[in-house]
> 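Following this message is one structure expressed as structure tokens.
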Amino acid sequence: QVQLVESGGGLVQAGGSLRLSCAASGRIFSALTMDWYRQAPGKQRELVAHITSGGSTNYADSVKGRFTISRDNAKNTVYLQMNSLKPEDTAVYYCNTHIFLTNYWGQGTQVTVSS
């Protein structure tokens with residue numbers, strides 16, 4: 001029902017910025033809550049940012065004040081603007097949504113932050 005494709009990852013130095021995009025297929029995007037997760041090697045996947053269909057947002061404490069999640073319903077896209085990046089932000093970033101009991105995940109995009 002929903003396909004998600006992340007893009008925008010790359011290699012940056014500490015203090016730099018990246019903007020991740022998650023393009024969604026499907027006609028109900030505007031009604032969906034969207035999330036960004038990340039997973040570093042050897043660590044559990046963690047929720048980074050959250051945005052509701054109405055635009056309300058929440059962030060993990062570790063990224064609060066540095067990351068901003070937003071959405072453009074006309075483009076069926078959710079964004080994650082990442083500023084003041086730190087080496088500990090290095091991970092594969094995934095976008096996610098769910099419809100009832102079914103979760104939908106993108107393939108992920110690698111973010112690497114060098115010191």
> Can you pull out every ring pair (Phe, Tyr, Trp, His ring centres under 6.0 Å) where at least one residue sits in residues 63-104? Sequence neighbours excluded, please.
none

> Do side-chain atoms of Thr33 reach the backbone of Thr52 as a donor and acceptor pair under 3.5 angstrom?
no

> Any salt bridge (Lys or Arg N to Asp or Glu O under 4.0 Å) pairs touching residues 69-88, not counting sequence neighbours?
none

> Enumerate the ring pair (Phe, Tyr, Trp, His ring centres under 6.0 Å) contacts for residues 36-63, please, sequence neighbours excluded, ordered by first and then second residue.
Tyr37-Trp105

> Quick one: do Thr97 and Asp35 satisfy side chain to side chain contact (heavy atoms under 4.5 Å, CB included)? Show the steps, please.
CA-CA 6 Å; Thr97 191; Asp35 300 308; over 6 Å; no

> Only distances under 3.5 Å count here; give the side-chain donor-acceptor pairs of residues 11-32 to other protein atoms, sequence neighbours excluded, each with its distance to 0.1 Å.
unit_1: Ser17; atom_1: OG; unit_2: Asn83; atom_2: OD1; d: 2.9
unit_1: Ser25; atom_1: OG; unit_2: Gln3; atom_2: N; d: 3.1

> Closest approach of Leu80 and Ala49, non-hydrogen atoms and distance?
CD1-CB, 4.0 Å

> Under 3.5 Å, which donor-acceptor pairs link side chains of residues 39-48 to any protein atom two or more places apart or in another chain?
unit_1: Gln39; atom_1: NE2; unit_2: Lys43; atom_2: O; d: 3.2
unit_1: Glu46; atom_1: OE2; unit_2: Arg38; atom_2: NE; d: 2.6
unit_1: Glu46; atom_1: OE2; unit_2: Arg38; atom_2: NH2; d: 3.2

> Tell me, with the steps shown, if Gln1 and Thr102 meet side chain to side chain contact (heavy atoms under 4.5 Å, CB included).
CA-CA 10 Å; Gln1 297 181 55; Thr102 303; 5.8 Å; no

> Between atom CD1 of Ile51 and atom SG of Cys95, what is the distance when rounded to the nearest 0.5 Å?
13.0 Å

> Tell me the closest heavy-atom pair linking Asn103 and Asn96, and the distance in Å.
OD1-ND2, 3.2 Å

> Considering residues at least two apart in sequence or located in another chain, which fulfil the side chain to side chain contact (heavy atoms under 4.5 Å, CB included) criterion with Gln110?
Thr90, Val92, Thr112

> Is there a donor-acceptor pair under 3.5 Å between the side chain of Glu6 and the backbone N or O of Gly108?
yes

